[in-house]
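For ligands, and for the atoms within them, numbers begin at 1 and follow the listed sequence.
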Amino acid sequence: MPELSEYPDPERLLGCLLGGAIGDALGAPLEGLSLDVIRDRYGPDGPGGFVAERFGAGAVTDDTQLTMFTAYALVQASARARAKGIGGAAPGMLQVAYLTWLRGQGEEFPEQDMVGGGWLVQERALMTRRGPGRSTLGALRKAAERRRPGVPLGTVGEPINDSKGCGGVMRAAPCGFGFSEAAHAFDMGCQAAAITHGHPSGYLPAGVLAAMVWALLRGAEVRDALELARGHLQGRPGNGETADALARAVRLAGEGPATPERLQTLGGGWTGEEAIAIAVYAALAPGGAGARVRLAVTHGGDSDSTGAICGNILGARHGAGAFPQAWRDGVEVREAVERLAAMCSAECGPNPPDTR
Ligand SMILES: [Mg+2]
């Protein structure tokens with residue numbers, strides 16, 4: 001692996017967030033449709049652009065919403081750590097941000113003293129209900145009932161449930177933005193996911209994605225970033241399913257042309273380990289970033305989540321400019337993503353803003 005830079009590249013960081021939103025929006029109308037139906041409607045390679053079904057052309061879903069709340073909370077936590085000289089607040093701030101998001105989902109829960117999400121709550125597209133996952137809603141409801149928003153209820157050590165849904169990994173990319181070491185990014189990915197997903201296959205893939213994004217933003221190639229992340233996965237309790245799924249994805253990528261049929265042998269992406277495996281498989285395919293994200297959504301499973309994760313990876317590697325212009329312009333939350341990415345790059349860069 002080439003020597004990595006100390007700070008994340010701002011163009012790649014923007015690409016990570018925007019690519020995730022693009023993959024989410026491209027895949028959202030396809031979620032749960034069979035490959036045959038997708039091909040009937042959109043052609044052999046799936047949709048070549050945003051289509052209006054489900055939430056509207058270019059509309060993002062819970063994957064992008066929660067990724068952005070993750071990013072915002074981590075900026076807040078980092079600024080606070082700098083100001084006060086003490087860290088450790090991130091998991092609590094993540095839970096507050098997720099509970100703030102929960103308010104936008106039409107969920108009833110007890111009033112409590114919490115402020116999260118900052119200006120994100122003014123973005124209608126980020127607060128409205130867009131197909132949230134059952135485990136995420138259930139875990140956050142439980143946390144809300146307890147009325148201690150700033151103390152995470154679900155942790156790696158004390159799992160909140162036995163869920164291995166992909167809702168943990170699909171929001172974890174920003175956990176790779178800051179930190180001086182990949183191991184910390186891996187840990188933060190796991191902690192962020194464990195707030196709602198208690199099974200190792202629910203939170204370890206989030207660690208893998210965070211470590212990959214960490215390396216990619218600092219100059220690594222996809223394969224090198226993946227090997228680094230797999231190294232951090234080693235020795236983690238309960239890592240078998242995630243390690244096996246990634247090994248299958250790498251093997252499959254070396255076995256000839258990348259096709260939806262081959263991709264589907266990795267599963268539907270509804271679970272964490274399948275989602276990261278599908279995203280990695282598509283990211284390792286030949287072709288431009290657009291074609292690879294298209295592959296990541298063209299299957300009979302959780303297309304928006306696999307598209308979002310693959311978009312995170314490819315954007316972190318190639319920058320926002322790697323995606324077709326029409327997709328960059330047409331994705332619903334582009335301006336908010338640009339504003340948030342600038343905040344993240346400033347906070348994680350060599351000269352973070354003075355917040356005192
Ligand atoms: Mg979704």
Side-chain angles (χ1 to χ4, degrees), residues 16-34 38 46-47 50-71 97-98 100-102 104-107 117 120 123-140 163-174 192-193 195-197 202-203 205-206 209 267-279 282 293-315 327 330-334 336-337:
C16 180
L17 286 178
L18 199 65
I22 284 171
D24 183 15
L26 200 64
L30 278 52
E31 188 184 271
L33 299 184
S34 72
I38 293 171
F50 299 131
V51 295
E53 280 89 352
R54 205 158 170 222
F55 302 119
V60 296
T61 77
D62 59 331
D63 306 54
T64 300
Q65 293 175 333
L66 285 163
T67 297
M68 292 178 73
F69 276 91
T70 299
Y98 298 158
T100 305
W101 167 86
L102 186 67
Q105 306 303 301
E107 297 286 315
L120 296 185
E123 296 286 328
R124 213 189 59 84
L126 296 181
M127 289 294 283
T128 190
R129 196 171 174 107
R130 295 276 175 85
R134 240 180 310 140
S135 299
T136 302
L137 288 178
L140 291 178
S163 175
K164 57 171 173 169
C166 69
V169 56
M170 59 78 159
R171 64 171 187 253
I195 292 171
T196 55
H197 290 71
Y203 59 76
L209 179 62
W270 303 106
T271 60
E273 84 279 11
E274 289 180 5
I276 189 76
I278 289 171
V293 171
R294 205 170 162 185
L295 173 65
V297 303
T298 303
H299 61 86
D302 194 348
S303 298
D304 54 334
S305 295
T306 54
I309 299 166
C310 183
N312 288 145
I313 293 171
L314 292 173
W327 297 7
V331 71
E332 183 178 30
V333 289
R334 192 198 73 207
V337 163

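- Taking 2.8 Å as the threshold, Asp302 does not count as a candidate ligand of the Mg ion (ligand 1), since none of its N, O or S atoms lies below it.
- At a cut-off of 2.8 Å, Asp24 is not counted among the residues with an N, O or S atom near the Mg ion (ligand 1).
- Of all the N, O or S atoms in Asp304, the one closest to the Mg ion (ligand 1) is OD2.
- Counting heavy atoms from C-beta outward, Ile276 and Cys166 have side chains that stay 4.5 Å or more apart.
- Within the 4.5 Å cutoff, side-chain heavy atoms of Met127 are placed close to those of Phe69.
- The one candidate from Asp62, Val297, Leu30 that meets the side chain to side chain contact (heavy atoms under 4.5 Å, CB included) condition with Asp304 is Asp62.
- For Asp63, the N, O or S atom with the smallest separation from the Mg ion (ligand 1) is OD1.
- Taking the charged nitrogens against the carboxylate oxygens, Arg124 and Glu332 have no contact shorter than 4.0 Å, which rules out a salt bridge.
- When the options Met170, Glu31, Arg130, Arg129 are evaluated for a side chain to side chain contact (heavy atoms under 4.5 Å, CB included) with Thr61, the one that passes is Arg130.
- Checking Ser305 against the Mg ion (ligand 1), every N/O/S atom stays at or beyond the 2.8 Å cut-off.
- The Mg ion (ligand 1) has an N, O or S atom of Asp62 inside 2.8 Å of it.
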